[in-house]
Protein chains: 2
Amino acid sequence: MSQDGNGVDLEKSLGYLLKEASSALRAAMEDVLRPLGMNVTRYSCLELLAQRPGLSNSDLARGVFVTRQSMNVLLQTLEREGLVTRPAEAPVGKALPTRLTPLGERSLEQASAAVRSVEIRMLSGMTEDEQSVAFRLLRSMVLSLRS
Amino acid sequence: MSQDGNGVDLEKSLGYLLKEASSALRAAMEDVLRPLGMNVTRYSCLELLAQRPGLSNSDLARGVFVTRQSMNVLLQTLEREGLVTRPAEAPVGKALPTRLTPLGERSLEQASAAVRSVEIRMLSGMTEDEQSVAFRLLRSMVLSLRS
DNA sequence: TGACTCATGTCAGCATACTGACATAACCTC
DNA sequence: GAGGTTATGTCAGTATGCTGACATGAGTCA
């Protein structure tokens, strides 16, 4: 299979490599989260909430990079499972500030440690300086794409 | 909304930034591909096929970062639309070598140009050296994650 | 005040990708 | 050659995320 051919463009494309890295990271995260009954989307939502309590559905959607409709069904699930709470009615506007329950915090703890270990592994071949450089360059890409 | 709080970990996390960059890239690609009646997955498949004719379904799946089942339904669609062809039976083993049709090649051309422009925009704020560094560091992350 | 714009939460329908499962072909090892 | 392992294509069912649409609340501006 894979009549490997000549060194093709994809092998030199930063875009493709970016996708590959992101994909590998996600897969690695799923692997460590699955045994904990968690997945990347749920973890991301809980982590975001732990760090910024009171975020609205739309805020969370933007932070997790899904639509607010998708986040809405996720929040309904998390609410039903008792991991998060939302007030019955909005204190202001329509936005419902979401918060972790104690159960949600406990559930997040293990997951957070597992994910941290993955990120450490990902960075294991890089010096601190290189990590800073990577951060700066990725940030530059994001900004350029937004414009 | 977004009671922005203190500088949280997510803002410093390379993993989160990697996801953000990948997400922004995908969104930008979708934006330029949509007017052409194309999407990222279809484009990726066609581009891979153009650069490595004869790849099997499973090969393509790995290259596009989806399961071979997903790639299979995509290939069936592309086949029905006349963009790719697969032999009725495998020349060896079970793998069916896939190839672009002339129609598929033409369909890919515009898309390829559009995507190239996005990648150029993404790299616009970086020097050639910085691009090399970014490539090397991303590659390091991928390798570390695989181990 | 009234009209306009924008952001939000949510419902419904659809598209896409995944997991599970099965049969089959090639390879390896004894 | 027999048996085990791996890779492949494909079917089926499920899960997840998206687009479209609507009503509502807040801010803006004439």
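Convention: sequence-line order gives letters A, B, ...; per-chain numbering from 1. Note that this is a predicted model, so its numbers are computed, not measured.
A:R106 pairs by the side chain to side chain donor-acceptor pair (under 3.5 Å) definition with nothing, not counting sequence neighbours. Applying the side chain to side chain donor-acceptor pair (under 3.5 Å) test to B:T77 and every residue at least two apart in sequence or in another chain returns nothing. By the side chain to side chain donor-acceptor pair (under 3.5 Å) test, A:S112 is found to be paired with A:E47, residues two or more places apart in sequence or in another chain being considered. Take A:T41 and apply the side-chain contact (heavy atoms from CB on, under 4.5 Å) test, not counting sequence neighbours, and it matches A:R26, A:N39, A:V64, A:L74. Every residue meeting the side chain to side chain donor-acceptor pair (under 3.5 Å) condition with B:E79, not counting sequence neighbours, appears here in chain and number order: B:R86.
A ring-ring contact (aromatic ring centres under 6.0 Å, His included) check over residues 97-130 of chain A, counting only residues at least two apart or in different chains, returns nothing. Residue pairs satisfying the salt bridge (Lys or Arg N to Asp or Glu O under 4.0 Å) criterion with at least one member in residues 124-134 of chain A, sequence neighbours excluded, are listed as follows: A:E130-B:R136.
Note on the helix from C:dT1-D:dA30 to C:dC30-D:dG1: terminal axis deviation equals 40°, with five pairs used at each end and the result rounded to 10°.
Between B:L60 atom CG and D:dT10 atom P the separation is 12 Å, expressed in whole Å. Between the CZ atom of A:R62 and the C1' atom of D:dC18 there is a distance of 17 Å, rounded to whole Å.
Within residues 64-84 of chain A, the residues approaching DNA chain C are A:R68, A:Q69, A:N72, A:Q76, by heavy-atom distance under 4.0 Å. Near DNA chain D, meaning a heavy atom under 4.0 Å from it, residues 25-41 of chain A has A:T41 in order of number.
One finds no side-chain N or O of A:R42 lying less than 4.0 angstrom from the OP1 or OP2 phosphate oxygen of D:dT16.
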Between the protein and nucleotides 25-28 of chain D, which nitrogen or oxygen pairs come in under 3.5 angstrom?
| residue | atom | partner | partner atom | Å |
| --- | --- | --- | --- | --- |
| D:dA26 | OP1 | A:G93 | N | 3.2 |

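Looking only at side-chain heavy atoms (C-beta outward), B:V115 and B:V40 stay at 4.5 Å or farther from each other. Contact check for B:T98 versus B:T85: no side-chain heavy atoms found under the 4.5 Å cut-off. Considering only heavy atoms from C-beta on, B:P91 comes within 4.5 Å of B:P97 through its side chain.
By the rule that hydrophobic residues join a cluster once side-chain heavy atoms approach within less than 4.5 Å of another member, B:L49 and B:L103 end up as members of one cluster.
Residue B:R86 is in sugar-phosphate contact alone, with no base atom involved, counting any heavy-atom pair closer than 4.0 Å across all strands shown.
Looking at B:R99 and B:E105, no side-chain N of the basic residue comes within less than 4.0 Å of a carboxylate O on the acidic one, giving no salt bridge.
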With a 3.5 Å cut-off and sequence neighbours excluded, list the donor-acceptor pairs that the side chains of residues 16-23 of chain B form with protein atoms.
| residue | atom | partner | partner atom | Å |
| --- | --- | --- | --- | --- |
| B:Y16 | OH | A:G63 | O | 2.7 |
| B:E20 | OE2 | A:R146 | NH2 | 3.0 |
| B:S22 | OG | A:S22 | OG | 3.4 |

